[in-house]
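Quick notes on the structure that follows.
Letters A, B, ... mirror the listed sequences (proteins, then strands); counts begin at 1.
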Amino acid sequence: MRRITIDPITRLEGHGKILIYLDEEGKLRDAILQVPELRGFEAFVRGRRAEEMPQITERICGVCPEAHHLASAKALDAAFGAEVPQPARLQRELFYNAYIFSDHLLHLVFLGGPDLLLPEDVGKAERNVLGVLQRFPELGRQVLEVRAQAQRILALIGGKAIHPVFALPGGVARPLPKEAQTEIAAIAARLVELGKTMIGVFHEEILPRPEYQSLLLAEEAWLPTHYMGLVDGSLAPNFYDGQVRVVSAQGEELFRLPGDQALGRIGEHWEPWTYVKFPYLRDFGWQGLRAGPDSGIYRVGPLARLNAAERMATPLAQEEYERFLDFFGEKPVHATFAYHWARLIEMVQAAETVALLAKDPALTGTEVRGKLGKPGEGVGVVEAARGTLFHHYVLSPEGLVERANLIVATTHNAPGIGLSVKEMARALVEKGKLDEALLNRVEMAFRAYDPCLACATHFLPGGVPVAVEVYDAHGNLLRRLEG
Amino acid sequence: MRAKLAVYWTGSCGGCDVSFLELGPGLLDVLSQVEIVFWPALVDAKRQDLERLPPRSIDITLVNGVLRTEENAEMVALLREKSRFLGAYGACAHLGGVPALANQGNGILEAVFGPGFRPAPPFPEAPEDTPPDLLPEALPLDEVVPVDFVVPGCPPPAGLIARFFEAALSGGLQPGQVFAEEKALCEECPRVREERRISRVLRPHEVLPDPEKCLLDQGMVCLGPVTRGGCEASCPKAGMPCTGCLGPTPKAGDPALALLSALASLVRAGEEGEAAFPEENRILDGLVDPIGTLYKYAFAKYGRPLRRLARRREEVRA
């Protein structure tokens, strides 16, 4: 057996690792994604105060703390049987859309951006955020400025931008001051402007490039799975609230349910060789790590949300969504590299939603706490930037956490990411191309998901620094390639 | 000459790495003044590249995250050897942070996966592909290597990051420096404190606080009096109590003991024996989960006597 290790971890970061095994004939035996990192939040949240959970669980991810903060608050709303008053709901929803904007922007320009914005022959040393800033100085500065303003919205509402403190069971900490609303409304207009700019950049600098088109249509990056996403009553994606809709690989609705019932349709499989669990749809059962209409594997995140929805919620996003569907000519879109385009469309919807909510006079209403009942059990679900996020708590009568289970976006996608990596590896092994292209292609295959393996890889402009080691059947190192 | 900079993360949420972006366009000025020799989040330099560097050839290294695995410990030892100045960046490296609440001893693997989970390789022929074991306890940085300075916070606030770079890039870094105030957070909090006697400890979801008055006076457990300033009291301003992410002031020391002492002074003391004030005796009943509340970020650093006590109790019971 030959073994190829793509290892950003033991060697460099400790966050994710890809292992490729070949048989004696050089055919692919298996390729897996291993996550060797575990901080064990499910364990140490036991006994904590329920109202602290939004602030504890957000420490799972410092890139998407807003998602954990609000998934947690929603689980607590349910566990205390509380109705969230409109002003509190508006604060949360506006905050949440500002976060989606900010997070997607980060990936489009600085993380996925270098793959998309820089020519393919750019050296590794330049394929990072510094390279983007050098080639697109104006865009780079504008993005840093506008992102800082989006973060300002998060701080105005959340108290802090990274690791916010405002959400509580049944509502939020305090009414929003009037002057904060004025400031937010002014910023919102700039978010929408940058959204338009980014659509222009995508159609001028990215989509026309033959390299990107060939990636979009590449067979090995075409993965037929089911798709999950939150939708509103008109079947448009909603990041903060709605029903969980799952459509099949053929595009039929499999179910549309509130979060707690949807959670019951998800099973979790584990393997002893990784610390990440593999979710699957119970209706199909665990069929092993493979895609297709009869497998239980589904995907989440921008592409999945667009596949699970029938339209976008806002006008500019809808226009771009129609261009997206025209390009592929069919739905669901199974192209893994379409995640980037879907991210752009969602970023525009988020900006437009911020602008809309910023005008709502109820935003500064003083009724910000719903009445709390006795603590019990509750499920909260939101769409994190990277996909559906479930928090499920059981509380004691004193309002302490007895049990917690979380299914985070990149966990839902772990089977899909694993399969994308495997298919990419299979294609490259069959073509006999065990060279640096392997590194690039495999890196790009999982970067499309903007994965959050211990919140790491989506902040990696130059890509996960990887090394590939090729061993012969006797375990001797044949070649070592570095990215 | 540009200062050589390294940034590394161990058991981290990524928030510390993202926090540099909070400088906004100011980040461009910082980037123009440094040479990044190692920063997995940003550039492609490898561990091998790091190993090849001569000792003390990196001017400044910032480590964020708690030490959770054997590999974390190895990496920070390597960075220490290569660096002139090495600092703890963020609450996890500084104090252990939120993930160190796991040091209370809950079995992580069993809680996450259920009984019977044992790490194993995907194929028995490749035993080296077994996921690594965890350290028995999550540790702050200075338990494994000497630390020259601290940029505290969860994550460090933009103002402190800017203050740090200003000092570091002008050659003004002093050993032992902590980039936050020595004075308590209360000094920069706009809320009015009257040191009122409290009648009950209230949890944040139980009360909508008055926007002007001190949260502690209103019965909420706010760690402001024992925590360093430097964040402009961002949480109390937003209506939520301080949870201590900048770490205790030098005067406070152990934050739990210091805060309990502050709380005690706000509770009316009895002169006629324990039973004389039944109401007052129940004031602290609202202080549930004292470890998670008072040691939210600092359990690894200050919770050791408690952990020894718990072990001892188990031994006696056995």
Measuring heavy-atom distances to chain A, does [X] have an atom under 4.5 Å in its side chain, in its backbone, in both, or in neither?
X: B:Leu208; value: both
X: B:Thr243; value: side chain
X: B:Tyr297; value: side chain

Do you know which two heavy atoms are closest between [X] and [Y], and how far apart they sit?
X: B:Val98; Y: A:Phe44; result: O-CE1, 3.6 Å
X: B:Cys235; Y: A:Val165; result: SG-CG1, 3.5 Å
X: A:Glu145; Y: B:Pro25; result: CG-CG, 3.5 Å
X: B:Pro204; Y: A:Arg369; result: O-NH1, 3.2 Å
X: B:Ala238; Y: A:Gly159; result: CB-CA, 3.5 Å

Can you say whether [X] sits under 4.5 Å from chain B via the side chain, the backbone, both, or neither, judging by heavy atoms?
X: A:Gln149; value: neither
X: A:Ala148; value: side chain
X: A:Val146; value: neither
X: A:Leu144; value: both
X: A:Leu133; value: side chain

Practice task
Heavy atoms only, distances under 4.5 angstrom: which of B:Gly239, B:Pro209, B:Pro155 has the most pairs with chain A? Name it, please.
Solution key: B:Pro155
Problem - Partner chain A: residue of B:Pro99, B:Cys231, B:Pro236, B:Cys92 with the largest heavy-atom pair count (under 4.5 Å) - result: B:Pro99
Handout entry: Residues B:Asp289, A:Arg48: salt bridge by 4.0 Å N-O rule
Key = yes
Exercise for the section: Indicate yes or no: at least one non-hydrogen side-chain atom of A:Leu76 is less than 4.5 angstrom from one of B:His205. Expected result: no
Quick check for you: to the nearest 0.5 Å, what is the distance between [X] atom [atom1] and [Y] atom [atom2]?
X: A:Glu398; Y: B:Arg203; atom1: CD; atom2: CZ; value: 8.5 Å
X: A:Glu52; Y: B:Lys296; atom1: CD; atom2: NZ; value: 4.0 Å
X: B:Glu206; Y: A:Leu372; atom1: CD; atom2: CG; value: 9.0 Å
X: A:Gln151; Y: B:Leu21; atom1: CD; atom2: CG; value: 8.0 Å
X: B:Leu101; Y: A:Arg59; atom1: CG; atom2: CZ; value: 10.5 Å

Fill in the blank from the handout: For A:His68, the ring pair (Phe, Tyr, Trp, His ring centres under 6.0 Å) test, sequence neighbours excluded, returns A:His391
Practice task
Kindly write out the residues that satisfy ring pair (Phe, Tyr, Trp, His ring centres under 6.0 Å) with A:Phe166, not counting sequence neighbours, or none if the list is empty.
Solution key: A:His69, A:Phe95
Practice task
Answer yes or no: is there a donor N or O on one side and an acceptor on the other, between the side chain of A:Lys160 and the main chain of B:Cys154, under 3.5 Å?
Solution key: yes
Problem - More than 12 heavy atoms of other groups within 6.0 Å of B:Glu232 CD - result: no
Completion exercise
Of A:Glu51, A:Arg147, A:Arg174, the largest count of non-hydrogen pairs under 4.5 angstrom with chain B goes to A:Glu51
